[in-house]
A.B. asks: 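One structure coming up, written as structure tokens, with questions to follow.
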Protein chains: 2
Amino acid sequence: MTTRPGGRSARVRDAVLDAVHAELTERGYPRLTVENVADRAGVHKTTVYRRWGSVDVLVADALDRGRDVDWPAPDTGAVEGDLIALATEVVDAFADPETRAVPIGLVAAALHSDRAAEAKRAYYDARHEAAAAIAARGVERGELPPGVDARELVRQTCAPIFYRVFVSGEPVDRATAERAARAALAAARAGVF
Amino acid sequence: MTTRPGGRSARVRDAVLDAVHAELTERGYPRLTVENVADRAGVHKTTVYRRWGSVDVLVADALDRGRDVDWPAPDTGAVEGDLIALATEVVDAFADPETRAVPIGLVAAALHSDRAAEAKRAYYDARHEAAAAIAARGVERGELPPGVDARELVRQTCAPIFYRVFVSGEPVDRATAERAARAALAAARAGVF
């Protein structure tokens, strides 16, 4: 099996990880199986077993691939607009059955497997790093105090949305996003982090 | 089977739900089975199947029982102290393998089953309701603006802790708790919610 980019190995990986995404979307993590993924990808199941071994490694690799996709943080020209746009992206992801399957599958897989938990950590670490640009620009424009914890601003902006989805089981909407963004900004401006 | 409180039915329920808690603590949700719960509780497995039917219903009923336990919100005499105490309770729950099994099992079960998701919603709804007393006392003492959203103050205080545990996979400690509490308070005082 070749490993050059765009080669057969890369095409098999893309087909299999696309199938993971589709299976998560249509059936959800609890019914994700190596067999179903292989069938959908048109790849022999022994190939999938040999390369990935289990559904948790499949989910982890799907996340590794997602982590490596270039994701530019919102850039609206003002920190409040950027944070609202960031929070709205998260809310919209949970409104769309296709995109919500990814964070939900991630959380479920991470509760089962260390490999998936590690992929989840790396995925969110990359997102925090990219979104930290929002705080850097805010400090430059004098909208935020110098020395603000850029990653904490990102966590605080997203946390109330994930809390509703995964913990309290309450609905999320655009108002949830705006409130979360404004709360994080108020805390940052008050010098809490 | 009798249903009077303290009767045989209630004793069986307590033994079975205690066994759910112990199994979650020792083996975790992915390896929770009706057989293991029945064995540990000293109850015939057909009894457990007949009354609960599945592990997800067992987890849901364990949560229903937890929801009905009287939980008084922290009352330190000041809203900041109350919120830090609340956030610290959450952090400490995740530091203790016994208590962390409950929210982790809940989240895992809710991803699998509507019945467990409903129990989780009801559990956190009861906690939000009880903790809303913190905001009511804060308003009375003039520490918070009248009309503050008491439940949102609770959500915002707890959300960054759960975000680290379930989403970003980052560690939580007392500093996480204090920062979350102070951020929520700053946002409330700024009139965000």
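A quick note: this is a predicted structure, and the numbers were derived from the prediction, not measured. Numbers restart at 1 for each chain; the letters A, B, ... are given by sequence-line order, proteins then strands. Reckoned from all heavy atoms, side chains included, excluding hydrogens, waters and symmetry mates.
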A.B. asks: For Arg31(A), which atoms come within 4.5 Å of any heavy atom of chain B: side chain, backbone, both, or neither?
C.D. replies: neither

A.B. asks: Hey, which of Arg164(A), Arg179(A), Arg182(A) has the most heavy atom pairs under 4.5 Å with chain B?
C.D. replies: Arg179(A)

A.B. asks: Say you draw a straight line from NZ of Lys120(A) to CZ of Phe166(B); how long is it, rounded to the nearest 0.5 Å?
C.D. replies: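 So the gap between those two atoms works out to 9.0 Å.
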
A.B. asks: Would you say Val172(A) ends up clustered with Val154(A) if hydrophobic residues are merged whenever their side chains have heavy atoms under 4.5 Å apart, either directly or through other cluster members?
C.D. replies: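 No, because Val154(A) and Val172(A) fall into different hydrophobic clusters, even though each may have its own neighbours under 4.5 Å.
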
A.B. asks: Are Pro160(B) and Arg155(A) side-chain neighbours, meaning at least one heavy-atom pair lies under 4.5 Å?
C.D. replies: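 No. Closest side-chain heavy atoms not under 4.5 Å.
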
A.B. asks: For Asp114(A), does the CG atom sit with more than 12 other heavy atoms under 6.0 Å from it, leaving out its own atoms?
C.D. replies: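 No - once you tally the heavy atoms of other residues, nucleotides and ligands closer than 6.0 Å, there are 12 at most.
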
A.B. asks: So which of Glu178(A), Arg121(A), Arg189(A) has the largest heavy-atom pair count under 4.5 angstrom toward chain B?
C.D. replies: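 Looking at each option in turn, the highest pair count goes to Arg121(A).
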
A.B. asks: Is it the backbone or the side chain of Ala110(A) that comes under 4.5 Å from a heavy atom of chain B, or both, or neither?
C.D. replies: neither

A.B. asks: What residue, out of Leu106(A), Val192(A), Val167(A), Ile104(A), has the most heavy-atom pairs lying under 4.5 Å from chain B?
C.D. replies: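 Among Leu106(A), Val192(A), Val167(A), Ile104(A), the one with the most close pairs to chain B is Val167(A).
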
A.B. asks: Please state whether the side chain, the backbone, both or neither of Glu118(A) comes within less than 4.5 Å of a heavy atom of chain B.
C.D. replies: neither

A.B. asks: So if you build clusters from Ile, Leu, Val, Met, Phe, Trp, Tyr with side-chain heavy-atom gaps below 4.5 Å, do Val90(A) and Ile134(A) land together?
C.D. replies: no

A.B. asks: Measure up the Tyr124(A) and Tyr163(B) rings against each other and bin them: parallel (under 30°), tilted (30 to 60°), perpendicular (over 60°).
C.D. replies: perpendicular

A.B. asks: When you group the ILVMFWY residues by side-chain heavy-atom contacts below 4.5 Å and let the links chain together, are Tyr29(B) and Val48(B) in the same group?
C.D. replies: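 Per the 4.5 Å side-chain linkage, Val48(B) and Tyr29(B) are co-clustered.
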
A.B. asks: Side-chain heavy atoms under 4.5 angstrom apart, residues restricted to Ile, Leu, Val, Met, Phe, Trp, Tyr: same cluster for Ile84(B) and Leu144(B)?
C.D. replies: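 Result: no, two separate clusters.
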
A.B. asks: Counting only heavy atoms closer than 4.5 Å, note whether Ala108(B) contacts chain A via side chain, backbone, both or neither.
C.D. replies: both

A.B. asks: Considering all heavy atoms of both residues, which atom of Ala180(B) and which atom of Gln156(A) are nearest to each other, and what is their separation?
C.D. replies: CA-NE2, 4.3 Å

A.B. asks: Is there a path of hydrophobic side-chain contacts, each under 4.5 Å between heavy atoms, that joins Ile161(B) and Leu83(B)?
C.D. replies: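 Not linked; separate clusters.
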
A.B. asks: Please identify, among Ala184(B), Ala187(B), Ser168(B), Ala186(B), the residue contributing the most non-hydrogen atom pairs under 4.5 Å to chain A.
C.D. replies: Ser168(B)

